[in-house]
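In what follows, a structure is listed as structure tokens, so that the remarks can point back to it.
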Amino acid sequence: MVLDSLSGALGSAIKKVLRAPVVDEKVVKELIRDIQRALLQSDVNVKLVLELSKNIEKKILEEDLPPGITRRELAIKVVYDELVGLLGGDKPQLPKYPKGRTTIVLLVGIQGSGKTTSASKLTFYFKKQGLSMGLVCADNFRAGAYDQLSQLATKAGAEFYGDRTNSNAVDIAKNGVKAFKEKGIEVIIVDTAGRHKNESDLLSEISQIAEAVKPDEIMLVLDGTIGQQAMQQAEAFDQTTKIGTIFLTKLDGSAKGGGALSAVAATKAPIRFIGTGEGMEEIEVFSPGRFVSRLLGMGDIEALVEKVNEIQSTTVGKKSMTAIASGRFTLKDLYAQMQTMRKMGPLSKVLQSIPGMGMNVPKEAMEVSEVKMKKWMVIMQSMTEEELTDPQIIDGSRVRRISRGSGTAPKDIKELLDQYRMSKKFIKQFVTKQKRMPSMKDFTKR
Ligand SMILES: Nc1nc2c(ncn2[C@@H]2O[C@H](COP(=O)(O)OP(=O)(O)O)[C@@H](O)[C@H]2O)c(=O)[nH]1
Ligand SMILES: [Mg+2]
């Protein structure tokens with residue numbers, strides 16, 4: 001993957017935070033400076049960088065720490081969140097077009113950005129989803145455009161529409177879309193020209209084409225290697241005809257992808273796909289989360305982010321703690337905990353990170369193997385609502401029924417119930433201890 005220098009610089013900024021004995025204001029300030037330097041060097045717009053770093057600093061230093069999260073973890077999570085936010089946020093939305101209906105995609109972008117290549121990649125991608133594809137060549141400016149697209153269409157398995165005799169790109173686009181619509185083609189991609197005598201001619205042609213074909217999606221094809229120019233380009237197109245999504249190409253070279261980050265921020269259009277080679281199959285669905293993880297050079301950053309999210313969203317956080325404190329701890333809670341644990345690591349680790357718990361966790365008691373946990377979750381799925389909320393009622397005959405339903409042995413169910421009782425007892429002790437301590441709130445100021 002690209003962005004080697006940005007990735008390297010951000011990665012070492014993060015490593016510094018991980019290695020610091022304590023994460024105090026000084027460490028955070030240095031982190032901010034490192035991030036600024038890294039982003040500026042990879043051509044991210046100055047204003048954006050300042051805004052981003054201000055946000056990061058504020059969130060790390062001013063946010064209250066939820067129980068179970070250290071300032072260090074919060075710092076990394078905040079950096080991750082802000083970068084993902086810059087890239088349009090993490091809505092894991094797989095590009096999908098409906099079947100049995102026509103979707104029109106208009107590709108725009110300057111000459112050489114990779115529109116025609118990307119048209120074939122999109123064909124490759126959406127064909128796999130079983131959609132019928134049509135490519136319209138509305139580039140009559142460059143001599144070879146017709147042949148290039150028609151060959152790619154054949155290779156990718158799309159129908160092709162072009163017209164060498166017509167010199168009006170708007171007409172060609174309109175006619176092509178009409179012809180494909182009549183044939184019931186599901187996805188029509190209109191490939192446009194990227195060069196004109198001058199830029200304003202190009203932009204006005206694009207807006208006329210958009211007017212004529214009424215696309216469902218206008219996709220800006222952006223060369224990932226152009227750095228700062230990306231932002232101006234994106235803005236120019238966006239002002240002419242509102243950009244919906246971005247296809248970022250050439251991320252296989254040594255790209256200065258930072259410019260593209262700025263482009264995204266400028267248009268607010270999310271990057272949908274990235275191109276990682278010249279071949280038709282070298283297309284990837286873009287995921288801001290995955291991209292930033294790679295950028296920060298931490299394979300397990302997603303796990304960390306998830307952990308913080310989980311805790312913030314209370315599974316083992318404050319809410320369920322209070323429920324448990326009132327003496328209620330059902331199999332349902334155990335199930336929820338197991339789900340959380342499978343994402344966060346063993347319960348012992350989670351509890352150890354809660355202040356006041358320290359080393360008091362009976363490790364063996366809590367460290368449950370992944371395999372066992374999966375089995376137990378299956379068992380619990382075979383239980384009735386009643387059994388889950390009031391496990392005491394589970395007698396021999398119920399055990400036999402659950403065992404048959406879940407395809408497990410009765411001794412597995414007994415083992416689960418033992419684990420449940422042990423957890424319950426342990427949690428009660430923990431809660432009593434917590435009550436004797438000053439207050440949960442005092443721990444939030446670490
Ligand atoms: N390495 C690499 N090259 C690409 C990628 N996408 C396009 N290209 C190349 O960029 C050049 C211009 O592509 P083309 O599709 O003709 O651009 P257009 O003028 O916008 O239609 C061609 O040589 C393509 O092979 C990519 O993701 N990676
Ligand atoms: Mg082209």
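As the structure lists them, so they are numbered: ligands from 1, and atoms in each ligand from 1.
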Contact atoms of ligand 1, heavy-atom distance to [X] under 4.0 Å:
| X | value |
| --- | --- |
| Gln111 | 19 (O) |
| Lys121 | 26 (C), 27 (O) |
| Thr276 | 27 (O) |
| Gly275 | 27 (O) |

Check each heavy atom of [X] against ligand 1 and say whether those closer than 4.0 Å belong to the side chain, the backbone, both or neither.
| X | answer |
| --- | --- |
| Glu282 | neither |
| Leu251 | neither |
| Ile110 | backbone |

For Ile218, the option from Val105, Thr240, Ile243 that meets side chain to side chain contact (heavy atoms under 4.5 Å, CB included):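 Of the listed options, the one satisfying the test is Ile243.
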
Nearest-0.5 Å distance that lies between atom CD1 in Ile402 and atom CD1 in Ile379: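 Answer for the CD1-CD1 pair, Ile402 versus Ile379, is 8.5 Å.
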
Option nearest atom 17 (O) of ligand 1 (shortest heavy-atom distance, choices Ala193, Gly114, Ala145, Gly224):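 Result: the heavy atom closest to atom 17 (O) of ligand 1 is in Gly114.
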
Neighbour count >12 (heavy atoms, 6.0 Å) for atom CD, Gln381: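 Counting neighbours around CD of Gln381, more than 12 heavy atoms of other residues, nucleotides or ligands fall under 6.0 Å, so yes.
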
Exceeds 12 heavy-atom contacts within 6.0 angstrom, atom NZ of Lys214: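 Enclosed: over 12 neighbouring heavy atoms sit under 6.0 Å from NZ of Lys214.
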
Pairing of Lys250 and Asp223 as salt bridge, 4.0 angstrom limit: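 The answer is yes: the pair qualifies as a salt bridge.
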
